[in-house]
Visitor: 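Can you keep this structure in mind? I'll have questions shortly.
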Amino acid sequence: EAGVAQSPRYKIIEKRQSVAFWCNPISGHATLYWYQQILGQGPKLLIQFQNNGVVDDSQLPKDRFSAERLKGVDSTLKIQPAKLEDSAVYLCASSATGTSFFGPGTRLTVL
Amino acid sequence: AQSVSQHNHHVILSEAASLELGCNYSYGGTVNLFWYVQYPGQHLQLLLKYFSGDPLVKGIKGFEAEFIKSKFSFNLRKPSVQWSDTAEYFCAVNADYNTDKLIFGTGTRLQVFP
């Protein structure tokens, strides 16, 4: 069974630039999550989708972050404009029966 | 607010030593509990989980964890660590049955020396 796919694996941008991350969940998983993991901390939920609808985006900084899952399968997370404090690993996860499976993450460095 | 505490931030052991990593959570209701591991250069992988039943759960690679409801704890154990166990370990809690979203601890970095 293929796991959660994410791209790119690494991204370096300057502050105020925009960036987008892509995620393809495990086939058949209706629930998709984006987590942010800052160095030295555990992952923190940014947004959760159930199929193509948002379930929880209470922790998403909506002034600069946006996410979509238009067809209920893959998802895109965008940051515009990026700030220095957005430097982190962005993890995508999917779940089906109570257990979340994580992708390799995208390591974002904002200079 | 719900939170997860991992008191050991960095643990250094020699091979064959026993391991116990602490995890405490702050939620009084029913919870699902997880330990994830992140080996160097790899993604988060599920080590073990507790949903219900026997509070002593066994996971992959000889790891086990015990859920003690009265102590709000879910400590991870392994009787004899190997160099290949060097990794970061994260405890996570799901306390919302409407979703599977997780609240993570800050992680424990384990270094095992031969």
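Fair warning: this is a prediction, and the values are worked out from it, not measured in the lab.
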Visitor: Which answer fits A/Gln6, side chain, backbone, both or neither, if we ask what part of it has an atom under 4.5 Å from a heavy atom of chain B?
Guide: neither
Visitor: Atom CD of residue position B/Glu20 - does it have more than 12 heavy atoms of other residues, nucleotides or ligands inside 6.0 Å?
Guide: yes
Visitor: So does B/Lys71 have more than 12 non-hydrogen atoms from other groups sitting under 6.0 Å from NZ?
Guide: no
Visitor: If Ile, Leu, Val, Met, Phe, Trp and Tyr residues are connected whenever their side-chain heavy atoms lie under 4.5 Å apart, and connections chain through other members, are A/Tyr33 and B/Val93 in the same group?
Guide: no
Visitor: If hydrophobic clusters are built by linking Ile, Leu, Val, Met, Phe, Trp and Tyr wherever their side-chain heavy atoms come under 4.5 Å apart, do B/Leu48 and B/Phe104 end up in the same one?
Guide: no
Visitor: Answer yes or no: is there a side-chain heavy-atom contact under 4.5 Å between A/Pro43 and B/Leu44?
Guide: yes
Visitor: Counting only heavy atoms closer than 4.5 Å, note whether A/Gln41 contacts chain B via side chain, backbone, both or neither.
Guide: backbone
Visitor: Distance check, rounded to the nearest 0.5 Å: A/Leu45 atom CG versus B/Ile103 atom CD1?
Guide: 9.0 Å
Visitor: Within a 6.0 Å radius of atom CD on B/Gln2, are there more than 12 heavy atoms belonging to other residues, nucleotides or ligands?
Guide: yes
Visitor: Which atoms form the tightest heavy-atom contact between A/Phe102 and B/His43, and what is the distance?
Guide: O-CD2, 3.3 Å
Visitor: Can A/Val54 be reached from A/Ile79 by stepping across I, L, V, M, F, W or Y side chains whose heavy atoms are under 4.5 Å apart?
Guide: yes
Visitor: Is it the backbone or the side chain of B/Gln38 that comes under 4.5 Å from a heavy atom of chain A, or both, or neither?
Guide: side chain
Visitor: Please check: side-chain N/O of A/Tyr35 versus main-chain N/O of B/Leu102, any donor-acceptor pairing under 3.5 Å?
Guide: yes
Visitor: Based on non-hydrogen pairs under 4.5 Å, which of A/Pro104, A/Gly40, A/Gly98, A/Ser100 is most in contact with chain B?
Guide: A/Gly98
Visitor: Is B/Phe51 close to A/Thr99 at the side-chain level, that is, under 4.5 Å between some pair of heavy atoms?
Guide: yes
Visitor: Check each atom of B/Lys101 against the heavy atoms of chain A and say whether the ones under 4.5 Å are side chain, backbone, both or neither.
Guide: both
Visitor: Tell me which of these, B/Asn32, B/Val4, B/Asp100, has more heavy-atom pairs under 4.5 Å with chain A than the rest.
Guide: B/Asp100
Visitor: Verify the cluster assignment for A/Ile12 and A/Leu84: are they in a single hydrophobic cluster under the rule of side-chain heavy atoms below 4.5 Å apart?
Guide: no
Visitor: Would a hydrophobic clustering, with Ile, Leu, Val, Met, Phe, Trp and Tyr connected at side-chain separations under 4.5 Å, put B/Leu21 with B/Val112?
Guide: yes
